[in-house]
Amino acid sequence: MTAEAAILSAVAWPLAGALGIALAGRASPNLREAATLAVAGGLALLVWSLVPEVIGGGRPTALVAEVLPGIEVGFSVEPLGMVFAALASLLWIINSLYSIGYMRGNNESNQTRFYVMFAISLGATIGIAFAANLFTLFLFYEMLTLATYPLVAHKGDPATVRSARIYLGVLLTTSIGLLLPAIIWVHVAAGTTDFTFGGILEGRIEGAAVGLLLVLFVFGIGKAAVMPMHRWLPAAMVAPTPVSALLHAVAVVKAGVFTVMKVIVYIFGIDHLFASPGSQWLIYAAAFTIIAASVVALRQQNLKRLLAYSTVAQLSYVVMATAILKPLAEIGAAIHIVAHAFGKITLFFAAGAIYTAARKTELHQLSGIGRRMPITMAAFTIGAFSMIGVPPTAGFVSKWYILAGAFEADNTIALFTIVASTALNAAYFLPIIYMAWFGAERQAPSPPHGEAPWPSVLALSLTAALTIAFFLFNAPVLELERQIVTGP
């Protein structure tokens, strides 16, 4: 198969697979879930087949159509998109495995619709990762928002629907009201929206206009959850845990920070943005989001809400690292997308497993849970250590590069923010770990519970293992991400 065919197939495969999952769901749950795993596995094979060419410096492309003069629907695979697509396709397999245990263990309704919308969401995610220009990215960005809305509203009760409307309203308002005008401005100024190494705006947009355009992009990309455009993310916690994992680790939030990085690196250009005084505000906005969200997380008593605000903070690590505008920080930003994905999906998997097996959702209920669910809490501990940045976990690797970039830039704001937020991360995660392993269980369940269904336990064990494995075996990702700043 040619690279062009692999790209087009990778985008189309989950969308076609959604139809197959829907048809299989009419026959039997087992067939539906087998179809889901088959579609997820097929996507991973297609996406990962492109890795050797991109590592070797190739940039495979595929043009679909020219909609208007200079406005095309097309795809191009560069290092950052390759990492995002490879990550999403890998975690979809594991998330699908987890979903089987979770959805059956909780006797959830509308399971076929759940798996169908998951597949469509992953198709949109691959479209974002491989988009060759801002126009294509915008189309799939909006598709991802619409496809995930039924997942957030899955339970269907009035409170859930209200929260889902907040989710949809914030993301559509920001993208149509801010992101779309920014894309049109770029096209008018540069005559193109193609992602280009070194950027396309130097000599075309200068001075205060650079800062204004950056405002439109950063706050228009609501999925990046830079405050105050973050309200959708805690609201989305009404969704089933596999959806929360999709939102926080696989697709939605990663699409947000990925898009911010793409815009800074391939539209503005790092050198052009570094030379513009109008870009300096982004460091402060990201730093404020990191600290404020960490403080809010510290005050939460519901486990999923704590993880939600932790995600808001962790996302802005990527934004802040990108805004440092130094090579090591850019590499750190890209690595943190991977590190956060492995750690945070593990944490959400563990939270869902605890709910499924013990019906516990509040922090005070977790005392002693580690002795009854040792595998789940061991995975939770690994994920939490990664969020803090403790070796040997993936989070240590990304924080190392972000700190190195901050030192390289002599950026005291970034240095202070990383140190302070690390302390805050420890302040809200370590008490949970201590209580779970060493606390006395306040009320023994009847009958005594054990672990969640085995597919869920297997999935969270795999993501915990990946969190540690990435600390030891990260060379291929580093090689790809170095090309973001050095070129092919």
Side-chain angles (χ1 to χ4, degrees), residues 1-18 20 38-67 70-93 119-141 143-144 192-200 250-251 254-255 258-259 261-263 265-267 331 334-335 337-338 341 474-488:
M1 181 182 291
T2 65
E4 180 181 7
I7 294 169
L8 296 175
S9 297
V11 176
W13 176 255
L15 305 178
V39 175
L43 176 64
L45 290 174
L46 288 167
V47 169
W48 283 75
S49 70
L50 296 164
V51 170
E53 181 172 349
V54 178
I55 287 182
R59 298 294 180 266
T61 62
L63 175 64
V64 177
E66 185 175 34
V67 179
I71 300 179
E72 299 172 341
V73 176
F75 304 99
S76 179
V77 187
E78 45 73 44
L80 183 60
M82 186 72 263
V83 168
F84 181 32
L87 176 70
S89 61
L90 171 64
L91 291 182
W92 186 25
I93 299 173
I120 296 173
S121 298
L122 264 294
T125 301
I126 300 302
I128 292 170
F130 289 168
N133 53 64
L134 284 170
F135 178 74
T136 304
L137 188 147
F138 182 79
L139 293 180
F140 285 96
Y141 183 98
M143 181 190 295
L144 181 60
T192 181
T193 65
D194 288 352
F195 294 119
T196 305
F197 181 76
I200 60 175
V250 182
K254 293 301 180 293
F258 167 81
T259 301
M261 279 201 72
K262 288 273 282 193
V263 166
V265 174
Y266 295 116
I267 297 297
I331 294 171
I335 293 173
I337 291 176
V338 179
N474 52 55
V477 176
L478 287 175
E479 177 58 32
L480 271 173
E481 302 310 354
R482 285 193 184 98
Q483 294 182 24
I484 295 174
V485 293
T486 62

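Since this is a predicted model, take the numbers as computed values, not measurements.
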**Student:** For the side chain of N133 and the backbone of E72, is there at least one donor-acceptor N/O pair under 3.5 Å apart?
**Tutor:**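 Side chain of N133 to backbone of E72: a pair is present.
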**Student:** Rounded to the nearest 0.5 Å, how far does CD1 of I331 lie from CD1 of I335?
**Tutor:**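 Going from the CD1 atom of I335 to the CD1 atom of I331 covers 6.5 Å.
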**Student:** Determine yes or no for a side-chain-to-main-chain donor-acceptor pair under 3.5 angstrom, with T136 supplying the side chain and G74 the backbone.
**Tutor:**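 Yes, T136 side chain to G74 backbone: donor-acceptor pair under 3.5 Å.
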**Student:** Measuring only between side-chain heavy atoms, which start at C-beta, is M82 closer than 4.5 Å to I55?
**Tutor:**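 They are not in contact (no side-chain heavy atoms under 4.5 Å apart), so the answer is no.
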**Student:** Work out which heavy atom in A124 is nearest to a heavy atom in M143; give both atom names and the distance.
**Tutor:**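 In terms of heavy atoms, the two residues are closest at CB-SD, 3.7 Å.
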**Student:** Once ring pair (Phe, Tyr, Trp, His ring centres under 6.0 Å) is applied, do any residues pair with F140, and if so which ones, sequence neighbours excluded?
**Tutor:**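 Listed in chain order: F75.
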**Student:** Could you measure the distance from the CG atom of L144 to the CG atom of L139? Nearest 0.5 Å is fine.
**Tutor:**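 Reported value, rounded in 0.5 Å steps: 13.0 Å.
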**Student:** For R59, is there an ion pair with E53 - N to carboxylate O distance below 4.0 angstrom?
**Tutor:**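 Salt bridge: no.
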**Student:** Can you tell which of L43, L45, L46, V47 makes a side-chain contact (heavy atoms from CB on, under 4.5 Å) with S9?
**Tutor:**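 The residue from L43, L45, L46, V47 that satisfies side-chain contact (heavy atoms from CB on, under 4.5 Å) with S9 turns out to be L46.
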**Student:** When the ring planes of Y266 and F195 are compared, do they come out parallel, tilted or perpendicular, using 30° and 60° as the limits?
**Tutor:**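 Aromatic pair Y266/F195 classed perpendicular.
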**Student:** To check you understand the geometry: which heavy-atom pair defines the closest contact between A44 and I93, and what is its length?
**Tutor:**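 Taking every non-hydrogen atom into account, CB-CD1, 3.7 Å.
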**Student:** To the nearest 0.5 Å, what is the distance between CG on L80 and CD on Q483?
**Tutor:**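 These two atoms lie 11.5 Å from each other.
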**Student:** Closest approach of P14 and A119, non-hydrogen atoms and distance?
**Tutor:**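 Closest approach of P14 to A119, heavy atoms only: CB-O, 3.3 Å.
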**Student:** Examine distances only and state if a side-chain atom of S89 and a backbone atom of W48 form a donor-acceptor pair shorter than 3.5 Å.
**Tutor:**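 It does not hold such a pair.
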**Student:** So, T196 side chain and G199 main chain: donor-acceptor pair closer than 3.5 Å or not?
**Tutor:**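 The answer is no, because no donor-acceptor pair under 3.5 Å joins these two groups.
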**Student:** Could you grab the distance from atom CD1 of I7 to atom OG1 of T61, nearest 0.5 Å is fine?
**Tutor:**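 If I round to the nearest 0.5 Å, the distance is 6.5 Å.
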**Student:** Between V64 and V11, does a side-chain contact (heavy atoms from CB on, under 4.5 Å) hold up when you go through it step by step?
**Tutor:** CA-CA 12 Å; V64 177; V11 176; over 6 Å; no
**Student:** Are W92 and V39 packed together at the side-chain level, in the sense that at least one heavy-atom pair is separated by less than 4.5 angstrom?
**Tutor:**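 The answer is yes, as the side chains (C-beta and beyond) meet within the 4.5 Å cut-off.
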**Student:** Provide the closest heavy-atom pair for L122 versus A88 in the form atom of the first, atom of the second, distance.
**Tutor:**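 Where L122 meets A88 most closely, the heavy atoms are CD1-O, 3.8 Å.
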**Student:** Please tell me if the side chains of T125 and F84 come closer than 4.5 Å, counting only heavy atoms from C-beta onward.
**Tutor:**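 Yes; the side chains approach each other to less than 4.5 Å.
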**Student:** Measuring from atom CG of L480 to atom CG of N474, what distance do you get when rounded to the nearest 0.5 angstrom?
**Tutor:**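 It comes to 12.0 Å.
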**Student:** Give, for atom CD1 of I71 and atom CG of L134, the distance between the pair rounded to the nearest 0.5 Å.
**Tutor:**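 Going from CD1 on I71 over to CG on L134, the span is 11.0 Å.
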**Student:** So, for S49 and A6, which heavy atoms are closest and what is the spacing to 0.1 Å?
**Tutor:**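 Of all heavy-atom pairs spanning S49 and A6, the closest is OG-CB, 4.0 Å.
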